[in-house]
Enquirer: 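Next up is a structure, given as structure tokens.
Below, chains carry the letters A, B, ... as their sequence lines are ordered, and counting in each starts from 1.
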2 protein chains.
Amino acid sequence: MIEPDTDSKAETRTRLLEAAGEVFAEMGFARATIRDICHRAGANLAAVNYHFRDKEGLYFAVAKYAESFADQDFANGPGNQPGNGPGVASGATPEQQLRFFIRTFLFRAIGKDRLAWHGKMMAREMSEPTAMLDRLVAEGIRPRATVLEGIIRQLLGSAATKWRVEACARSVVSQCIFYHLCRPVIDRLHPNQRYDTESVEQLADHIAQFSLGAIQGIVAHKGF
Amino acid sequence: MIEPDTDSKAETRTRLLEAAGEVFAEMGFARATIRDICHRAGANLAAVNYHFRDKEGLYFAVAKYAESFADQDFANGPGNQPGNGPGVASGATPEQQLRFFIRTFLFRAIGKDRLAWHGKMMAREMSEPTAMLDRLVAEGIRPRATVLEGIIRQLLGSAATKWRVEACARSVVSQCIFYHLCRPVIDRLHPNQRYDTESVEQLADHIAQFSLGAIQGIVAHKGF
DNA sequence: GACAGTTTTAAACAAGTGTTTTAAACTTCT
DNA sequence: AGAAGTTTAAAACACTTGTTTAAAACTGTC
């Protein structure tokens with residue numbers, strides 16, 4: 001009898017989660033097909049419905065699965081402390097915290113590894129929401145937004161309005177997810193832009209510098 | 001015989017364009033259904049295929065139709081000169097030009113009128129491209145990107161690298177289209193944010209101030 | 001008023017996709 | 001080895017959506 005190779009030995013359920021992670025992250029919920037996912041996983045079409053009840057059940061499971069990676073430290077670059085979510089480097093200055101947040105956020109919007117699945121799924125939910133958006137906002141997006149707004153609040157000072165803090169947070173986040181959501185047009189407009197680790201570091205530096213300069217400008221002009 | 005009212009008197013073809021403009025701007029190409037469009041237009045299901053051959057033909061026609069409005073001056077607020085595209089206010093300082101560009105861009109990403117159709121369709125194409133993206137990039141997106149990069153080049157000075165100019169342009173654009181693409185999550189995260197004319201003006205002011213401060217910060221720190 | 005061309009209508013068709021079903025294959029335990 | 005439960009497999013089903021068809025209604029012309 002032929003010994004099955006390691007890939008086939010992995011449980012179908014796990015292979016489905018892996019394949020679905022890639023597909024959902026790249027395509028979002030609606031454009032992903034379970035036929036595609038099952039094909040990539042080397043599984044039968046009915047496997048999704050057997051293991052996860054339906055497509056939405058798989059989507060939820062993948063979200064949880066991806067979340068389990070999202071807390072790990074960041075493999076693609078130095079400087080992130082294990083166990084910390086985006087922007088919660090303890091004992092750092094607000095400036096450092098903002099850089100850290102942006103860097104982590106950007107890697108998870110651009111990267112292709114498991115760490116990026118969660119970020120990409122959140123980004124897709126932002127523009128093409130599903131029934132899961134409310135849960136994802138409550139458990140994934142709002143906590144991170146709160147962290148970011150806390151950092152920005154420190155940078156702007158207590159004189160800044162709540163509205164201004166929120167607007168700045170949106171300005172920061174939008175720059176990051178732009179590189180995931182609008183990749184098709186960036187590739188056509190700026191085809192020389194690279195996405196290897198070094199280039200993403202450079203992009204993170206730009207966004208951080210851009211945003212810090214913007215916030216400092218607001219403080220300097222007392223534009224609260 | 002009963003006289004048909006003005007709406008029914010309008011040609012089916014025109015009513016289809018109007019209905020499709022709303023739907024395509026809001027949903028993008030894939031999520032829009034011709035059944036929905038025909039229903040809104042009070043037309044039969046086969047009308048799209050009769051007048052525009054197929055769904056894509058309608059999409060192209062709507063893009064052209066919307067473009068015919070995009071050159072008109074901007075109804076929802078003062079200060080825009082007729083016949084000028086975003087950011088090409090003649091004889092203004094680069095700062096004023098940037099504000100103008102952002103303001104126009106933002107109104108066309110948030111607005112609900114015909115003027116916004118083109119901007120919203122471009123934004124959707126950026127994240128969910130169709131076969132039309134290449135044409136839209138060539139005729140609509142790249143010209144505007146070139147204008148924006150020209151403005152930023154003036155602000156940054158000739159010492160700035162091409163890469164930095166492009167990155168700043170992306171930072172500006174991303175903040176604007178965020179309000180169209182990610183509206184679902186903004187509504188949940190910041191439910192107090194309003195979108196009447198005055199509020200959009202305020203948002204445009206914020207993005208302009210944010211971006212100008214960022215660019216000035218880059219210049220000040222010689223971070224080219 | 002009859003005719004030719006145009007437009008609209010209702011229905012059916014075709015393709016893609018999520019889901020269910022039923023049986024076969026496999027695993028585990030005794 | 002045999003039985004019970006678990007997993008996989010192939011096919012069919014149901015629904016949505018874009019498209020086509022063929023007849024009906026309409027419009028303008030003579």
Side-chain angles (χ1 to χ4, degrees), chain A residues 1-24 26-63 121 124-125 128-132, chain B residues 1-24 26-63 121 124-125 128-132:
Chain A
M1 182 190 182
I2 295 171
E3 181 78 357
D5 59 349
T6 47
D7 277 354
S8 327
K9 259 163 100 178
E11 288 183 12
T12 301
R13 189 188 150 89
T14 306
R15 293 204 316 277
L16 281 174
L17 283 174
E18 291 283 329
E22 291 181 20
V23 177
F24 282 139
E26 213 54 44
M27 316 270 217
F29 181 78
R31 305 164 98 80
T33 71
I34 64 177
R35 277 173 175 81
D36 179 22
I37 291 170
C38 289
H39 182 72
R40 293 195 198 202
N44 185 269
L45 174 60
V48 164
N49 299 87
Y50 175 76
H51 286 280
F52 303 96
R53 205 184 72 169
D54 57 9
K55 186 184 178 184
E56 203 177 48
L58 173 60
Y59 192 61
F60 277 58
V62 170
M121 287 177 71
R124 278 288 167 209
E125 280 287 330
E128 303 168 44
T130 74
M132 203 182 63
Chain B
M1 181 188 184
I2 295 170
E3 180 79 355
D5 59 349
T6 47
D7 277 353
S8 325
K9 257 164 101 179
E11 289 184 12
T12 302
R13 189 188 150 88
T14 306
R15 293 204 316 277
L16 282 173
L17 283 175
E18 291 285 328
E22 290 181 20
V23 177
F24 281 140
E26 214 55 44
M27 316 270 217
F29 180 78
R31 305 164 98 82
T33 71
I34 64 178
R35 275 175 176 80
D36 179 22
I37 292 170
C38 289
H39 181 72
R40 295 196 197 201
N44 184 269
L45 175 60
V48 165
N49 299 88
Y50 176 76
H51 286 281
F52 303 95
R53 204 184 73 170
D54 56 11
K55 187 183 179 186
E56 203 177 47
L58 174 61
Y59 192 60
F60 276 59
V62 170
M121 287 177 71
R124 279 287 168 210
E125 281 286 330
E128 302 167 43
T130 72
M132 205 181 62

Enquirer: Counting only non-hydrogen atoms, which of residues 44-51 of chain B are less than 4.0 Å from DNA chain C?
Expert: B:N44, B:A46, B:Y50, B:H51
Enquirer: Between P on D:dT20 and CZ on B:R53, what's the gap in Å once rounded to a whole number?
Expert: 9 Å
Enquirer: Between A:L16 and A:C38, is the side chain to side chain contact (heavy atoms under 4.5 Å, CB included) condition met? List the steps.
Expert: CA-CA 7 Å; A:L16 281 174; A:C38 289; 4.2 Å; yes
Enquirer: Check whether the side chain of A:R35 and the base of C:dG18 form a donor-acceptor pair under 3.5 Å.
Expert: yes
Enquirer: Describe the nucleic acid contact of A:A30 in one word from base, sugar-phosphate, nothing, applying a heavy-atom distance below 4.0 Å.
Expert: nothing
Enquirer: D:dT21 P sits how many Å from B:D54 CG, rounded?
Expert: 14 Å
Enquirer: To the nearest angstrom, how far is A:K55 atom NZ from D:dT16 atom C1'?
Expert: 13 Å
Enquirer: How long is the gap from CE on A:M132 to CZ on A:R124, to the nearest 0.5 Å?
Expert: 13.5 Å
Enquirer: Only pairs under 3.5 Å count here: list side-chain donor-acceptor contacts from residues 54-63 of chain A, not counting sequence neighbours, and write none if there are none.
Expert:
residue : atom : partner : partner atom : Å
A:D54   : OD1  : A:E56   : N            : 3.4
A:D54   : OD1  : A:G57   : N            : 2.8
A:K55   : NZ   : A:F29   : O            : 3.0
A:K55   : NZ   : A:A32   : O            : 2.8
A:Y59   : OH   : A:E125  : OE2          : 2.7

Enquirer: I need the B:T12 OG1 to B:Y50 OH distance, nearest 0.5 Å.
Expert: 10.0 Å
Enquirer: Listing request: all salt bridge (Lys or Arg N to Asp or Glu O under 4.0 Å) pairs with a residue in residues 28-43 of chain A, at least two apart in sequence or in separate chains.
Expert: A:E22-A:R40, A:R31-B:E128, A:D36-A:R40
Enquirer: Using atom NE2 of B:H39 as one end and atom P of C:dT9 as the other, report the distance to the nearest whole Å.
Expert: 13 Å
Enquirer: Could you check how far CG of A:L16 sits from P of D:dT7, rounded to whole Å?
Expert: 13 Å
Enquirer: Taking OP1 and OP2 of D:dT7, is either one under 4.0 Å from a side-chain nitrogen or oxygen of A:T12?
Expert: no
Enquirer: Figure out the CD1/P separation between B:I34 and C:dA10, and round it to whole Å.
Expert: 16 Å
Enquirer: Rounded at 0.5 Å granularity, tell me how far CZ in B:F52 sits from CD1 in B:I34.
Expert: 12.0 Å
Enquirer: Applying side-chain hydrogen bond (donor to acceptor under 3.5 Å, both in side chains), name anything that partners A:E18, two or more places apart in sequence or on another chain.
Expert: A:Y65, A:R114
Enquirer: Let me know the distance between CG of B:D36 and P of D:dT17, rounded to the nearest Å.
Expert: 9 Å
Enquirer: Rounded to the nearest Å, what distance is computed from the CD atom of residue A:E11 to the P atom of nucleotide D:dT8?
Expert: 8 Å
